[in-house]
Amino acid sequence: MTAKYDPKEIESKWQRYWDEHKTFRVTEDPFRPKYYCLEMFPYPSGRIHMGHVRNYAMGDVVARYKTMRGHNVLHPMGWDAFGLPAENAAIDKGVPPAIWTHDNIAYMRDQLKKMGLSYDWDREITTCDPAYYKWNQWFFLKMYERGLACRRRSSVNWCVSCATILANEQVIDGQCWRCSSTVEQKELEQWFFKITDYAEELLTGCDKLTGWPERVLAMQRNWIGKSAGVEVDFPLADSDGSIRIFTTRPDTLYGATFMSLAPEHPFVESLITGTGTETEVRSFIERIRRQDRIIRTAADVEKEGVFTGRYAINPLTKENIPVWVANFVLMEYGTGAIMAVPAHDQRDFEFAKKYNLPMRVVIQNSKGTLSLETMPEAHIEEGRLVSSGQFSGLDSKIAIEKISEYIELQGIGKKTIYYKIRDWGISRQRYWGTPIPVVYCEKCGTVPVPESDLPVVLPRDVAFTGKGGSPLLQVREFIEVCCPSCGGTARRETDTMDTFVDSSWYFLRYSSPKTDNLPFDKQAVSYWMNVDQYIGGIEHAVLHLLYARFFTKVLRDLGLIDVDEPFKNLLTQGMVIKDGAKMSKSKGNVVDPDYLIGIYGADTARLFALFAAPPEKDLDWSDRGVEGAFRFLSRVYRKVAELSPYLNPELNPEAADIDLYKIKLLDEIGEAFPSDLKALRKAVHQTIKKVTEDIEVFHFNTAISFIMELVNNIYLIPVDGRTQDRSFLYVMREALDAVILLLSPFAPHISEEMWEMLGQKSSVTEVPWPIYCTEIAQEEERLIVIQINGKIRSKVTVPAGTPEEEIRKRALSDERIKGLIGDKIPKKVFVVQDKLVNIVI
RNA sequence: GCGAGAGUGGCGGAACUGGCAGACGCACUGGACUUAGGAUCCAGCGGGCAACCAUGGGGGUUCAACUCCCCCCUCUCGCACCA
């Protein structure tokens with residue numbers, strides 16, 4: 001018979017089945033272990049891409065596998081629906097953002113359904129839905145009450161021509177991405193979430209995230225950027241006041257021979273007044289300020305500076321030291337001023353050499369050979385202190401402690417910890433986002449919108465020009481409000497929230513997406529949280545994953561949830577590469593999932609995406625490889641089609657009692673199988689073991705290869721003349737059942753179909769994951785490698801578990817080995833049970 | 001510069017805790033079946049005639065190293081004048 005694998009028909013059939021039977025709907029069930037499997041929700045850009053296919057295929061394997069293992073699995077999907085592209089579409093094509101977004105969602109939802117993903121679609125959420133973003137506003141109010149949301153001036157990228165703010169990624173080589181005019185820095189009032197309050201906990205929490213990839217944790221630690229040191233005041237030499245610096249190396253304080261201030265440092269102007277250096281310093285500062293930020297902060301930029309004409313006093317040496325302004329000192333970090341220790345800091349070293357400033361060695365190397373004359377570069381390592389007064393002779397590590405204490409004792413400074421992480425600026429001068437729930441009243445100032453007035457709904461009828469800032473500025477009905485406090489004239493905030501706010505808590509909303517009196521149901525959250533497995537792209541290693549952690553901690557402190565961390569385990573999948581470059585529209589190397597699924601079906605697309613590379617590595621796209629995946633599925637299908645007339649009880653009444661119970665019975669009564677069937681059974685049980693173990697550690701590629709191997713083994717069993725042979729039917733039934741079930745998380749549609757072809761009445765999703773039998777999987781015989789001096793010279797088969805002494809005898813009596821040893825006496829013989837013998841002669 | 005990771009056939013990739021390097025797939029070669037095959041099934045497939053040589057290069061530990069240690073090279077990603 002010719003059975004052709006027709007994915008189109010099969011896939012739509014089973015998608016309909018799952019839909020109608022609500023197969024993937026879940027509710028809390030205290031009697032089953034819960035498992036929360038989550039993939040990062042997509043931005044509804046228009047269509048899904050291969051990265052999504054890969055990401056969601058992985059999540060689906062995990063979810064389906066865990067379900068078959070008896071877990072109550074929450075596997076939801078939704079839409080990260082606010083964001084700039086919707087607004088750009090409005091500007092370019094005149095389609096309102098809401099329409100554009102909802103159309104995209106409808107299309108992409110359909111695409112995801114065509115992939116056969118096991119989502120509980122009843123829990124779908126969309127962040128641009130007022131029922132969702134209302135809670136962004138609610139959280140904002142809660143955080144405002146606690147002082148975790150605050151407003152202050154901050155510098156932003158400003159395009160004069162477009163009269164709008166630009167995100168950092170919209171500034172390309174210092175120019176506006178839209179109109180190419182020069183981008184300036186502008187000070188604006190902005191809303192911030194005080195993530196810095198949680199810097200320490202976010203950092204120490206990294207140590208507990210043992211289920212996260214090390215490189216993601218490294219990136220987060222780096223981003224938080226903790227450094228411990230001291231702040232020290234350097235008094236000015238001939239006037240009142242002092243300059244505060246921050247250093248992590250107080251052990252080098254005696255070597256501070258000058259100071260450098262950031263060009264933006266507020267003291268500079270008063271310092272230079274009356275020194276005669278005004279013109280020179282101001283023009284230097286002006287020139288530096290005009291430089292592009294990115295260029296200016298690049299490490300390879302030439303260090304330059306200018307003398308202010310003033311001196312400060314090194315509080316330990318009491319020497320007068322010159323105060324400079326230097327381009328490499330950043331106002332954003334520390335105090336915006338540094339003590340310069342040229343002998344022990346490479347930047348200060350270069351600076352001092354250039355401007356002929358004094359240097360002093362205060363840290364000596366272990367050989368004591370360090371001298372200014374011979375130093376080619378700064379000696380930045382720790383060492384023994386010299387020329388450091390009472391601290392001379394101490395080791396750097398101890399000196400750091402002692403000098404810090406001394407400074408505190410003298411009242412000239414204190415131990416301080418600095419973090420690189422900045423507060424999270426959430427204001428966006430954009431339309432398509434969550435309105436920030438605040439009004440500005442002439443009398444009362446900043447007034448939060450009362451909870452009862454939430455949500456502040458985005459107006460729908462808005463004009464998009466792309467110019468003149470947020471379109472909301474043109475909507476009078478939106479802006480003009482009464483003050484909730486005094487009833488007077490007030491103006492509504494027109495900025496919207498960063499879309500990262502939306503994604504910082506969506507995983508909680510999935511637990512109870514319909515709850516309307518609170519952001520989520522506390523009971524439901526405490527049942528489902530944490531997310532047991534989170535899967536997504538590495539590009540979110542800091543921003544989203546850090547913000548979500550921050551939100552989780554804030555919500556915990558608000559008493560809304562009980563967990564400290566949102567994501568227990570994290571899998572970051574690699575990119576999809578084609579022709580040596582990341583698959584992307586701009587590179588023109590995309591493979592459209594619709595096209596792929598249209599030709600080969602979703603099962604093939606999924607299987608290939610998982611087979612071609614380990615999950616965390618980049619996947620090299622190969623059209624041939626896709627065909628290979630399709631060929632494999634066809635091959636499985638053909639074998640099932642070939643044997644189903646004999647195995648399906650409806651087609652063959654003889655097969656009615658062929659089930660696994662019977663196989664067990666056969667084992668017990670000791671009926672002997674022909675050797676090829678016995679070998680196949682062994683392979684079946686070994687495969688179940690290996691596939692199970694590999695899925696547990698996300699080695700999907702090797703799991704699939706083991707299933708392929710088993711199918712190859714099944715093909716080697718001759719069928720002709722055995723279709724009425726009970727032992728043949730028993731073993732084939734067991735083998736095909738195993739293949740279908742093991743394959744089902746990867747290729748669910750074809751698995752359902754084949755399951756049905758064999759006469760099964762239930763869906764594979766309801767069948768428990770196959771269990772292997774240790775005794776059957778056990779190899780009875782082992783191939784022992786016999787080496788002489790580490791080189792393989794012979795092989796011998798022995799029963800498994802043969803004692804070492806016996807193996808040794810067998811090896812030494814092997815004909816080939818005897819010939820090679822001759823009359824030499826082995827010096828030593830190593831025996832590894834069940835593995836090898838190495839004879840050293 | 002710092003941090004994380006990687007380097008294995010023609011290609012994607014396997015190899016547990018040190019114990020037969022190259023599973024599985026792709027490509028290729030041969031055979032079978034066929035009017036036909038770019039379908040399917042079976043077989044072969046690192047290099048070398050061989051002894052042997054092969055996991056980026058060089059040392060080392062070991063009876064035994066893709067695996068452990070030291071040095072070096074290359075690539076990818078992230079951070080980067082952070083005081």
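Sequence lines set the chain letters: A, B, ... in the order given, protein chains first and strands last, and positions in each chain run from 1.
- Across all strands shown, Lys791(A) has heavy atoms under 4.0 Å from sugar-phosphate atoms exclusively, and none from any base.
- Within 3.5 Å, a donor on the side chain of Lys303(A) pairs with an acceptor on the base of C81(B), or the reverse.
- For the residue pair Ile195(A) and Asp423(A), the shortest heavy atom distance occurs at N-OD1, 3.3 Å.
- Applying the 5.5 angstrom centroid cut-off and the 30 degree plane-angle cut-off, the aromatic ring of Phe830(A) is stacked upon the base of C63(B).
- Counting any heavy atom pair closer than 4.0 Å across all strands shown, Gln787(A) reaches a base atom.
- Between the P atoms of U8(B) and U76(B), the separation comes to 15 Å (whole Å).
- Applying the 4.0 Å criterion to OP1 and OP2 of C2(B), one finds that Arg221(A) has every side-chain N and O outside that range.
- Residues Glu332(A) and Lys420(A) are not paired through a salt bridge, judged by the lack of any N-O separation under 4.0 Å between the basic side chain and the carboxylate.
- Counting non-hydrogen atoms under 4.0 angstrom, Leu836(A) reaches a base of the nucleic acid.
- Atom P of A64(B) sits at a distance of 14 Å from the matching atom of G19(B), rounded to the whole Å.
- Side-chain atoms of Ile338(A) lie closest to A83(B) of the nucleotides A83(B), C77(B), C81(B).
- Here Tyr715(A) lies in heavy-atom contact (under 4.0 Å) with sugar-phosphate atoms only.
- Taking a cutoff of 4.0 Å between a charged side-chain nitrogen and a carboxylate oxygen, Lys353(A) and Glu377(A) do not qualify as a salt bridge.
- To the nearest whole angstrom, the two C1' atoms, one in G18(B) and one in C66(B), are 11 Å apart.
- Candidate nucleotides C20(B), A83(B), A14(B) were compared by shortest atom distance to the side chain of Thr248(A), and A83(B) ranks first.
- Distances were taken from every side-chain heavy atom of Asn327(A) (C-beta onward) to each of A4(B), C81(B), G13(B); the shortest belongs to C81(B).
- Looking at Asn222(A), its side chain has no donor and acceptor atom pair within 3.5 Å of the base of C79(B).
- Taking the six-membered ring for Trp, Phe746(A) and Phe611(A) have ring centres at least 6.0 Å apart.
- Against RNA chain B, the stretch residues 703-712 of chain A makes heavy-atom approaches under 4.0 Å through Ser705(A), Met708(A), Glu709(A), Asn712(A).
- Of the listed nucleotides (C82(B), G25(B), G13(B)), C82(B) has the atom at the smallest distance from the side chain of Leu330(A).
- Under a cut-off of 6.0 angstrom, the local environment of NZ in Lys682(A) is crowded, with over 12 non-hydrogen atoms contributed by other residues, nucleotides or ligands.
- Lys414(A) and Asp233(A) are not joined by a salt bridge, as no carboxylate oxygen comes within less than 4.0 angstrom of a charged side-chain nitrogen.
- With Lys689(A) as the partner, the side chain to side chain donor-acceptor pair (under 3.5 Å) test is satisfied by one option alone out of His685(A), Glu693(A), Gln686(A): Glu693(A).
- RNA chain B forms stems at B:1-7 with B:73-79, B:10-12 with B:24-26, B:28-32 with B:40-44, B:56-60 with B:68-72, each a run of 3 or more consecutive Watson-Crick or G-U wobble pairs whose two key distances fall under 3.5 Å.
- A donor-acceptor pair is defined here as one N or O able to donate and one able to accept, closer than 3.5 Å; no such pair exists between the side chain of Arg782(A) and the backbone of Thr802(A).
- Among the atoms of the strands shown, only primed sugar atoms or phosphate atoms (P, OP1, OP2) are found under 4.0 Å from some heavy atom of Arg793(A).
- If you check every strand for non-hydrogen atoms under 4.0 Å, Asp345(A) touches nothing.
- With sequence neighbours excluded, no residue forms a salt bridge (charged side-chain N to carboxylate O under 4.0 Å, His left out) with Lys8(A).
- Comparing A14(B) with C20(B), their C1' atoms are spaced 15 Å from each other, to the whole Å.
- Residue Arg635(A) is in sugar-phosphate contact alone, with no base atom involved, counting any heavy-atom pair closer than 4.0 Å across all strands shown.
- Between Asp676(A) and Arg722(A) a salt bridge is recorded (basic side-chain N to carboxylate O distance below 4.0 Å).
- For the P atoms, the distance linking G9(B) with A4(B) amounts to 27 Å, nearest Å.
- Of the candidates A83(B), C20(B), C52(B), the closest approach to any side-chain atom of Leu783(A) belongs to C20(B).
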